[in-house]
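Below is one structure, written out as structure tokens; comments come after it.
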Amino acid sequence: MVETVVELRGISKRFGDVQANDGIDFDLRAGEIHVLLGENGAGKTTLMNVMFGHVLPDSGSILVREKPAEITSPHDALALGIGMVHQHFSLVPTFTVAQNIVLGSRPVLDLRLKPLAVRREITALADKFGMPMPASTPVRDLPVDLQQRVEILKVLYRGASILILDEPTSLLGPQQIENLLSILEDLRSRGHSIVLVTHKLAEVTQVADRVTVIRAGKKVAEVERGEFDERTLTRAMTGREISTIKVDHTSLEDDVDAILQVSDLATTGVGGNSLDGLSLSVRAGEILGIAGVEGNGQRDVVNAITGLSHLESGTVRIDGMDMTGSEPARLRDSGLAVIPEDRHGWGLILDMTLAENLAINEIPAGKFSRRGLLDWKRIRRQSDALLEEYNVRPADSGLMAGSLSGGNQQKVVLAREFSRNPKVLIADNPTWGLDVGAVDYVHRRLLQVKEAGAAVLLLSLDLDELLKLSDRVAVMYRGRVVLERDVDELDMDDLALAMAGSPVGVS
């Protein structure tokens, strides 16, 4: 018999009118990766927050190594060997790797807290677990996958043998995901027990020893390796079959007008490679996908078009009008809509309600004003309709945006931007953090926007997504477009070479 290291029995938790967990049983065995699978808002994170002491359940009990446990705080959980890596990191950007890892683990006056000794200790820890780390580097200078490793090392440093990872791949590119899954498999081989919270089926089939599926706060399935595939898990997650989208890629004539046209863009950017004479155009009724290894200027393209970065040279035109460096309000008036990659930093104001977030761009234009006063009934009525249409849960326009799960927050951004019937849509990783059902929904909506005649610029780290939706693909390398092809004429070897910067792929 394999030892059960943690057992949750009959866990229930309600937030107002929302039953987040409803009598859920869940257990974790020694030396296994147990995937907790479910759609956005299904209650996965709430259940793990109960296990880690962030949330107190309304009812139910917890056993750790077959003994009743009172876990009322993360301190209690860590004392029992349970650590949690959250979807959104809790690192101090200006602190070094070593400082972040030891922060809070020792008294401030501990004489052992000598910088050189701490750096050596952290370097040894990182090497031990196969995650070499520059201990003296400030966290803000690290790429996102290394920041995540810092979070993992933090809980390992505190002696955790039971790890909870909440949506750990939502910020990562394909190769970074592969590296993380290899780390988890290595930790499993060392005897650690891991709960992987996700909605990405490819990851489940690759590493899961066991899968528990929850839907709408209830446990609906528990299956062992060999008993599941992507189709059965999708049905369990959503309660329905997800039909395959058939995409007819548009091949437009050369005389079709470009709605979005950028020419010779050059900028130093912030936090990424500069643009170096970049030019591209997107025509009405077309999706242009931007491919490339992360960090080759993709963020700078978005910032340049949306006026968030200073251009050294070049022009941006929307429907023939010069919009170079324009204010956001003028860009929106021109028909530009944006789904930003960072929904917390740019997509939403978390301390405002869903109604306020959905109406925030229309209020300054006077759309909801009556005799100088805001018509809040009208705002809430429109917001409630959008929340229902885009399947946001809970569909309560009075809730704060920060109270929603990450996937539901993304749906709010989509609802606001898609509902504007844009001429140009910039979709920057629009399915980031979404479950399989929501991804399917977003894909269908993107195709509807295209079919309505909009020009869609799609950036995604998911190459399969780009190839599925795009009519044309442009590969970026060091701030330039080095390959551009209709998707039906794209050679995969040329694509790979171009992404790697090989001159063989240069068009």
**Report entry** Within-4.5 Å side-chain heavy-atom neighbours: Val456 and Pro422
**Finding:** no
Query raised in the report: CG/Leu233 to CD/Glu227 distance, rounded to the nearest 0.5 angstrom?
Result: 11.0 Å
Requested in this report: Decide yes or no for Ser397 and Thr353: does some side-chain heavy atom of the first lie under 4.5 Å from some side-chain heavy atom of the second?
Outcome: no
**Report entry** Heavy-atom side-chain contact between Val85 and Pro168 under 4.5 Å
**Finding:** no
Requested in this report: Kindly give the heavy-atom pair with the smallest separation between Pro430 and Leu446, and that separation in Å.
Outcome: CG-CD1, 4.1 Å
Query - N/O donor-acceptor pair under 3.5 Å between Asn21 side chain and Gly217 backbone - result: no
**Report entry** Under 3.5 Å donor-acceptor, Asn100 side chain and Val92 backbone
**Finding:** yes
Query raised in the report: With side chains defined as the heavy atoms from C-beta onward, is the minimum distance between Leu278 and Val481 less than 4.5 Å?
Result: yes
**Report entry** Donor + acceptor pair across side chains of His86, Glu151 (<3.5 Å)
**Finding:** no
Query raised in the report: Run the side chain to side chain contact (heavy atoms under 4.5 Å, CB included) check on Leu469 and Lys450 step by step: do they pass?
Result: CA-CA 10 Å; Leu469 298 177; Lys450 163 194 154 178; over 6 Å; no
Query raised in the report: Measuring from Arg444:CZ to Glu451:CD, what's the distance to the nearest 0.5 Å?
Result: 11.0 Å
Query raised in the report: How far does CG of Leu47 sit from CG of Asp22, to the nearest 0.5 angstrom?
Result: 12.0 Å
Query raised in the report: Heavy-atom count around Asp351 CG within 6.0 Å, excluding the residue itself: above 12?
Result: no
Query raised in the report: With a 4.0 Å cut-off, would you call Arg393 and Glu388 a salt bridge?
Result: yes
Query raised in the report: If you round to the nearest 0.5 Å, how far is CG of Asn391 from CG of Leu414?
Result: 12.0 Å
Query raised in the report: Side chain of Arg472, backbone of Leu288: donor and acceptor closer than 3.5 Å?
Result: no
Query raised in the report: Quick one: does Ser383's side chain have a donor or acceptor within less than 3.5 Å of a partner on Arg380's backbone?
Result: no
Requested in this report: Using a strict cut-off of less than 4.0 Å between a Lys/Arg side-chain nitrogen and an Asp/Glu carboxylate oxygen, indicate whether Arg283 and Asp471 qualify as a salt bridge.
Outcome: no
Report summary line: Nearest heavy-atom contact between Ile259 and Ala455 is CB-CB, 3.8 Å
Report summary line: Closest non-hydrogen atoms of Gln409 and Leu404, given as atom of the first, atom of the second and distance, are NE2-O, 3.1 Å
**Report entry** Leu386 versus Ser419, closest heavy-atom pair with distance
**Finding:** CD2-CB, 3.8 Å
Query raised in the report: Do Lys154 and Ser90 come close enough that some side-chain heavy atom pair is under 4.5 Å?
Result: yes
**Report entry** Nearest atoms (heavy-atom pairs only) where Pro57 meets Ile11
**Finding:** CB-CG2, 4.1 Å
**Report entry** Stepwise side chain to side chain contact (heavy atoms under 4.5 Å, CB included) test for Thr94 and Arg140
**Finding:** CA-CA 6 Å; Thr94 55; Arg140 67 185 174 193; 3.5 Å; yes
**Report entry** Thr212 side chain vs Leu36 backbone, donor-acceptor pair below 3.5 Å
**Finding:** no
**Report entry** Donor-acceptor under 3.5 Å (Lys13 side chain, Leu56 main chain)
**Finding:** yes
Query raised in the report: Do you know which two heavy atoms are closest between Leu331 and Gly307, and how far apart they sit?
Result: CD1-N, 4.2 Å
Report task. May I ask you to say whether Arg332 pairs ionically with Glu417, meaning some side-chain N is under 4.0 Å from a carboxylate O? Result -> yes
Report summary line: One should read off an interatomic distance between Gln148 CD and Gln87 CD, to the nearest 0.5 angstrom, of 10.0 Å
Report task. Determine yes or no for a side-chain-to-main-chain donor-acceptor pair under 3.5 angstrom, with Asp428 supplying the side chain and Ile339 the backbone. Result -> no
Query raised in the report: With a 4.5 Å heavy-atom cut-off, do Leu180 and Asp145 have their side chains touching?
Result: no
Query raised in the report: Are Val316 and Leu265 close enough, and set up right, to give a side chain to side chain contact (heavy atoms under 4.5 Å, CB included), and what steps lead you there?
Result: CA-CA 8 Å; Val316 176; Leu265 296 188; 4.2 Å; yes
Requested in this report: May I ask you to decide if Ile287's main-chain N or O and Ser470's side chain share a donor-acceptor pair within less than 3.5 Å?
Outcome: no
**Report entry** Residues Arg215, Glu39: salt bridge by 4.0 Å N-O rule
**Finding:** no
Query raised in the report: Are the side chains of Leu467 and Leu490 in touch, meaning some heavy atoms are under 4.5 Å apart?
Result: yes
Query raised in the report: Is a side-chain donor or acceptor of Thr232 paired with a backbone partner of Phe228 at a separation under 3.5 angstrom?
Result: no
Query raised in the report: Hey, are Thr324 and Asp322 close enough side-chain-wise for a donor-acceptor pair under 3.5 Å?
Result: yes
Query raised in the report: Quick one: do Lys44 and Asp166 make a salt bridge, cutoff under 4.0 Å?
Result: no
Query raised in the report: Side chain of Ser263, backbone of Ser279: donor and acceptor closer than 3.5 Å?
Result: no
Query - Working for side chain to side chain contact (heavy atoms under 4.5 Å, CB included), residues Leu163 and Leu196 - result: CA-CA 8 Å; Leu163 277 67; Leu196 175 61; over 6 Å; no
Query raised in the report: Is there a side-chain contact between Val442 and Gln410 (heavy atoms, below 4.5 Å)?
Result: no
Query raised in the report: Got a second to check how far His34's NE2 is from Phe26's CZ, nearest 0.5 Å?
Result: 4.0 Å
